[in-house]
Number of protein chains: 2
Amino acid sequence: MKTVKAQVKEDLLKTLTELFRENGYDGASLSRIMEATGLVKASLYHRFAGGKEEMAEAVLDRTSQTFAGDLLAPLSAPGEPSERLAQTAARLKKFYRSGGLPCLLDTLTLNSNNQGIRRRARGALQYWIDTFAAFARECGHPPATARRRAEDAIAALEGGLVLARVSGNRQPFLRALESLPERLMQ
Amino acid sequence: MKTVKAQVKEDLLKTLTELFRENGYDGASLSRIMEATGLVKASLYHRFAGGKEEMAEAVLDRTSQTFAGDLLAPLSAPGEPSERLAQTAARLKKFYRSGGLPCLLDTLTLNSNNQGIRRRARGALQYWIDTFAAFARECGHPPATARRRAEDAIAALEGGLVLARVSGNRQPFLRALESLPERLMQ
DNA sequence: GTCTATAGCTTGATAGAC
DNA sequence: GTCTATCAAGCTATAGAC
């Protein structure tokens, strides 16, 4: 019973994530959300009393959990570093569909003055950087270098996603993925 | 007489560029445009019969001209390569205010199904890549390598801008600028 | 070439029945 | 927890006077 209800909520959040990710905050209008979820506005407001802002915040929270609990988890787990990084790279590749899907941090922070959204996006990016940096330190890099390499690696990924969206060319994103070992380990 | 008129138009385009750049297509509403330009809607439609879409297209055209005629011009000019690249880097740094200002290619292509906008953004990015690649070839890189390095250099810049917008940290963008020589020349 | 005034639609959000 | 019906406000766009 409870698991069924939780699954329904999870499916709803999945659909909302897709919408905000591909259309941004402004572009994810309630009418589009209604169409995609099959729920009418009043029903959506029953589940998210805070309206669209609360939906976006829930989407960011869920995606942060995905990053921490799945995509980046291997980097904090035991095992051989190169293999753990390869796992994270493979999961990132799938998550961004080889560059075919945008990043929420990019699309959701544009023109969003909402404090809850900005704080969550900032926190999610920080966690990503911290995790990459900790892994680089484990691989022998001094703290300052590790942080720099972590930031540059993520910037390469994000930039690759921008280029993919603008021109359709996914190669820069894929190369950014492939370059993770030399960026964080060597 | 004519130069005065042209200057007025140039100032208007400058204001429009700022608005689209920082707020995206959806966020740059006509009311904000009215406020920023001091013109009322009907006056704006007198200058841009095609409405907001035509404004965005004009902004992209103007920015493409800025890239070709100013920012990237040194790379196609005679002189010592390292000095020419340094000039372009300095101009890019100023153009993006050290990472404090977003890139139109990123903010204007989100949720924009308009064909004219997408085509122009794609063309502008292609020109940027081509110019970087031609410079890298001049510096001795084979064509395929040159293109790859050009794409990766621009991805690093675009990613740095994303990180700057999300977290406020401009270091990744500044490092991407500083790394241009080793990316395109060495 | 600028303005006032207005049209028509979409937006996010609520009230209240069932 | 879902729905119908409705709201005020915002949006892009246009008509027409000066």
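Order of the sequence lines fixes the chain letters, A, B, ..., with proteins taken first and strands second; residue numbering starts at 1 for each chain.
Between A/N113 atom CG and C/dG12 atom P there is a gap of 16 Å when expressed in whole angstrom units. The interatomic distance linking B/D11 (CG) with C/dG1 (C1') rounds to 17 Å, in whole Å. The distance from atom CG of B/L44 to atom C1' of C/dT4 is 15 Å, rounded to the nearest whole Å. For B/F48 and C/dT2, the CZ to P distance is 11 Å, given to the nearest whole Å. Rounding to whole angstrom units, CG of residue B/N111 and P of D/dC11 are separated by 16 Å. Taking atom CZ of B/R47 as the reference point, atom C1' of C/dC3 lies 13 Å away to the nearest angstrom. Per the geometry, CE belonging to B/M34 stands 10 Å off P belonging to D/dC11, to the nearest Å. Distance CD (A/E35) to P (C/dT11): 11 Å, rounded to an integer number of Å.
The existence of a salt bridge linking A/K14 and A/E18 is excluded, since no basic side-chain nitrogen approaches an acidic carboxylate oxygen closer than 4.0 Å. Salt-bridge check for B/E22 with B/R32: failed, with every basic side-chain N at 4.0 Å or more from each acidic carboxylate O.
In this model, the phosphate group of D/dC3 is approached by a side-chain N or O of A/S43 to a distance below 4.0 Å at OP1 or OP2. For the pair B/K52 and D/dT12, the criterion of a side-chain N or O lying under 4.0 Å from OP1 or OP2 is met. Remark: B/Y45 is not in phosphate contact with D/dT14, judged by side-chain N or O atoms under 4.0 Å from OP1 or OP2.
The base of D/dT12 sits within donor-acceptor range of the side chain of B/K41, with an N or O pair under 3.5 Å.
In this structure, of D/dT4, C/dC3, D/dT2, it is C/dC3 that holds the atom nearest to the side chain of B/L39. Here D/dA15 is the nucleotide among D/dA15, D/dA13, C/dT11 with the atom lying nearest to any side-chain atom of B/A42.
The side-chain hydrogen bond (donor to acceptor under 3.5 Å, both in side chains) test applied to A/R118 returns no partner, not counting sequence neighbours.
Residues A/S64 and A/R120 have side chains that never bring a donor and an acceptor to within less than 3.5 angstrom of each other. No side-chain N or O of A/D61 forms a donor-acceptor pair with one of A/Q65 less than 3.5 Å apart. Inspection of the A/R21 and A/T107 side chains reveals no N or O donor paired with an N or O acceptor under 3.5 Å.
DNA chain D lies under 4.0 Å from at least one heavy atom of each of the following residues of residues 24-32 of chain B: B/S29, B/L30, B/S31.
Stacking of A/K9 on the aromatic ring of A/F48 is recorded, both the 6.0 Å distance cut-off and the 45° axial limit being met.
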